[in-house]
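Residue indices begin at 1 and follow the sequence shown. Just so you know, these numbers come straight off a predicted model, no measurement behind them.
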Amino acid sequence: MTVFSQSKYQLRLLALVSKRTSLEMMLRRTWYKNSEKMAFRYSVFGSVVGFFGGVLYRDRWPMKKLGVQAANPVELPVENSVVPVVVSDDLVLETMKFGFPSLDTIRSRKSFLLSYDRRNRVPHWVFEHLTEDHIESNGDIIKSNEFFEDASIDVRFRSTEKDYLDSGFDKGHLAAAGNHLCNQEYRDDTFVLSNIAPQVGKGFNQDKWNKLEEHVRKLVKNYKNVYVCTGPLYMPSPEPDGRRYIKYQVIGPHDVAVPTHFFKIVIGERKKARYDMEAYVMPNAPIDDKVPLKDFFVSREDIEKYAGFLLFEGLPDFLFDHINGRKQICCKRIHGSK
C-alpha cells in the first residue's frame with residue numbers, strides 16, 4: 001500500500017498507460033528540478049523505463065512477472081483541495097487490466113475506480129472488480145446511508161447533497177453499495193458523491209436498476225472474476241420539428257447533470273482466458289417491472305458511440321463465448337472487420 005495524493009496518483013496512471021505520456025512526464029520532471037548533468041541522466045533513464053513500461057502495458061504483458069508495477073509518481077503542481085489516500089497497486093492493475101476508457105480526473109477509491117466529469121458533476125465511468133468473497137457480507141456490516149463529498153475534487157466542480165435536496169431524483173450509485181459488503185469501509189466509500197448520479201427513484205433506481213444490480217451479483221457466483229463498468233449516457237431524442245436533440249435537466253446550485261440513460265457492461269471470466277459479456281442501456285425513467293432485463297441488451301459498440309470512449313478495449317470479441325446470452329461462433333477478428 002502506498003500513500004500519495006489523488007492528483008499525483010492520476011499522473012502515475014498516465015505514465016503507466018501511455019509510453020508517450022511517460023516520456024513527456026519525465027522530461028517535464030527534469031525541467032521542474034534542475035539542469036545538472038546527474039538530474040538529466042536520471043530523467044533519461046526514467047524516460048526509458050517509462051517507455052518500456054508503456055509498451056508492456058499496451059501489449060498487456062504479464063507485468064508482475066517482469067517486475068513492472070507502475071511508473072514513479074511525478075512531482076508537478078496539483079489542484080487544490082487534495083487529500084492523501086491509501087491505494088493498492090493490485091486494485092488498479094487487476095480492475096483496469098483490460099484498459100482505461102479515458103484518463104480524465106481518475107480517482108481510485110478503496111475498492112473501485114472512477115473517472116469524474118467535472119463539467120456535469122457525475123462520473124464518466126466507474127469500474128469494479130468483483131469476486132464472490134468481495135460481495136459477501138462479513139456479518140457485521142452497518143447499512144448506513146451517509147453520503148459525503150469527494151474531497152479530492154476541486155470544490156468548484158463537486159456535487160453536494162444540496163444539489164439533490166428537493167430535486168425529485170435519487171442519489172443513484174454507479175458502484176453499487178451491495179457489491180462491496182466484505183468490508184465496512186468499502187461499502188461506506190460507495191456513498192462518495194463522485195460515485196453518484198441523479199436517477200429517477202420509483203420505477204428505476206429503486207426497482208429496475210436495482211434488479212440489474214442484483215442480477216450482477218448473481219453472475220458473480222458463476223465466474224472466477226467479474227468486471228463491471230457503469231456510467232451515464234446523454235442520448236438524442238426526436239423533436240416535433242423532425243430533428244434530434246440531446247436535452248437533459250440539471251439540478252441544484254452546481255447544475256448537476258441528469259443523464260438521459262445509464263449503461264452497465266458486465267464481463268465474466270471463464271477458464272482458459274475465455275469470457276462472457278452482457279451489456280445494458282436503460283432510460284433514466286420509470287420502467288414497467290414486467291419488462292425483462294434482456295430487453296435492455298445492446299452491443300458494446302452502441303454504448304461506446306454515445307459514451308465517447310472504448311470499453312474493455314483489451315478484450316476483442318473473439319475471446320467471448322457468450323455475448324448478451326448468445327453463444328458466439330466466430331473466428332479471430334480480421335483487420336478492418338468486426
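Lys221 has its side chain within reach of Glu136: a pair of non-hydrogen atoms, C-beta onward, lies under 4.5 Å apart. With contacts defined as side-chain heavy-atom distances shorter than 4.5 Å, the pair Asn120/Tyr248 qualifies. Counting heavy atoms from C-beta on, the side chains of Leu174 and Asn195 come closer than 4.5 Å. His124 is not listed as a side-chain neighbour of Thr105, based on a closest heavy-atom distance of 4.5 Å or more. Residues Phe204 and Phe262 have side chains in contact (heavy-atom distance under 4.5 Å, counting atoms from C-beta outward). Tyr116 is not listed as a side-chain neighbour of Asp104, based on a closest heavy-atom distance of 4.5 Å or more. Proximity of Ser108 to Leu91: side-chain heavy atoms (C-beta onward) are separated by under 4.5 Å at one or more points. Residues Ser194 and Leu114 meet the side-chain proximity criterion, which asks for heavy atoms closer than 4.5 Å.
Counting only distance, with no hydrogens or angles, the side chain of Asp170 and the backbone of Gly172 share no donor-acceptor pair below 3.5 Å. Asn284 contributes a side-chain N or O that, together with a main-chain N or O of Pro198, makes up a donor-acceptor pair within less than 3.5 Å. Put simply, the side chain of Glu146 never gets that close to the backbone of Asp188: no donor and acceptor are under 3.5 Å apart. The backbone N or O of Val250 lies less than 3.5 Å from no partner atom in the side chain of Asp255, so there is not a single donor-acceptor pair. Between the side chain of Arg156 and the main chain of Arg118, no donor-acceptor pair closer than 3.5 Å is present. One N or O on the side chain of Arg158 and one on the backbone of Ile153 form a donor-acceptor pair closer than 3.5 Å. Proximity of a side-chain donor or acceptor of Asn324 to a complementary backbone N or O of Val298 within less than 3.5 Å is detected.
At a threshold of 4.5 Å between side-chain heavy atoms, the hydrophobic network of Ile, Leu, Val, Met, Phe, Trp and Tyr places Tyr223 and Leu181 in two separate groups. Hydrophobic clustering (ILVMFWY, side-chain heavy atoms < 4.5 Å, transitive): Val266 and Leu315 are in distinct clusters. In the hydrophobic clustering of ILVMFWY residues, with side-chain heavy atoms under 4.5 Å counting as a link, Leu311 and Val216 come out apart. Clustering ILVMFWY residues whenever any of their side-chain heavy atoms sit less than 4.5 angstrom apart, transitively, puts Val258 in the very cluster that holds Phe147. When hydrophobic clusters are built by joining Ile, Leu, Val, Met, Phe, Trp and Tyr residues whose side-chain heavy atoms come closer than 4.5 Å, directly or via intermediates, Val228 is not grouped with Met282.
For Glu185, the CD atom is loosely surrounded, since the number of other residues' heavy atoms within 6.0 Å does not exceed 12.
Closest heavy-atom contact between Ala273 and Leu319: O-CD2, 4.2 Å. Residue Val122 comes nearest to Tyr234 through the heavy atom pair CG2-OH, 3.4 Å, listed as atom of the first residue, atom of the second, then distance. Contact record, Pro123 with Ile196: CD-O, 3.5 Å, taken as the closest heavy-atom pair. Closest approach of Ser102 and Trp125 over heavy atoms only: OG-NE1, 2.8 Å. The two residues Cys182 and Asn138 come nearest to each other via the heavy atoms O-ND2, 3.4 Å. The two residues Ser137 and Ile141 have their closest heavy-atom pair at OG-CG1, 3.6 Å.
Taken from CD in Gln249 to OG in Ser167, the straight-line distance is 8.0 Å, to the nearest 0.5 Å. Residue Arg121 holds its CZ atom at 10.5 Å from OG1 of Thr160, rounded to the nearest 0.5 Å. Expressed to the nearest 0.5 Å, how far CG of Asp166 lies from CD1 of Ile251 amounts to 11.0 Å. The CG atom of Leu113 lies 5.5 Å from the OG1 atom of Thr95; values are rounded to the nearest 0.5 Å. Considering CD of Glu128 and OG1 of Thr230, their distance stands at 5.5 Å, rounded to 0.5 Å. The CG atom of Asn205 sits 4.5 Å away from atom CD of Gln199, with the distance rounded to the nearest 0.5 Å.
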Before you tell me yes or no, could you show the steps for Asp117 and Arg119 under side-chain contact (heavy atoms from CB on, under 4.5 Å), namely the whole-Å CA-CA distance, both residues' side-chain angles and the distance that decides it to 0.1 Å?
CA-CA 6 Å; Asp117 183 346; Arg119 185 186 68 156; 3.6 Å; yes
Please test Lys290 against Asp288 for salt bridge (charged side-chain N to carboxylate O under 4.0 Å, His left out), starting from the C-alpha separation and ending with a verdict.
CA-CA 5 Å; Lys290 296 179 181 179; Asp288 190 332; 5.8 Å; no
Would Leu212 and Phe296 count as a side-chain contact (heavy atoms from CB on, under 4.5 Å) here? Give the steps.
CA-CA 10 Å; Leu212 177 57; Phe296 301 98; over 6 Å; no
Could you walk me through whether Lys171 and Leu193 pass the side-chain contact (heavy atoms from CB on, under 4.5 Å) test, one step at a time?
CA-CA 8 Å; Lys171 293 187 279 288; Leu193 287 170; 4.1 Å; yes
Asn225 and Thr131: side-chain contact (heavy atoms from CB on, under 4.5 Å), yes or no, with the steps?
CA-CA 5 Å; Asn225 295 288; Thr131 63; 3.6 Å; yes
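Listed by first and then second residue, the salt bridge (Lys or Arg N to Asp or Glu O under 4.0 Å) pairs involving residues 195-217 are Lys211-Asp289 (not counting sequence neighbours). For residues 265-285, the set of pairs meeting the ring pair (Phe, Tyr, Trp, His ring centres under 6.0 Å) definition, not counting sequence neighbours, comprises Phe98-Tyr275, Tyr280-Phe297. Residue pairs meeting the salt bridge (Lys or Arg N to Asp or Glu O under 4.0 Å) criterion with at least one member in residues 258-278, sequence neighbours excluded: Arg270-Asp276, Arg270-Asp321, Arg274-Asp321.
Ring orientation note: the planes of His173 and Phe191 are nearly perpendicular, at an angle over 60° on the 30°/60° scale.
With respect to Tyr186, the ring pair (Phe, Tyr, Trp, His ring centres under 6.0 Å) criterion is satisfied by exactly one of His129, His180, His134: His134. With Phe312 as the partner, the ring pair (Phe, Tyr, Trp, His ring centres under 6.0 Å) test is satisfied by one option alone out of Tyr227, Phe127, Phe320: Phe127.
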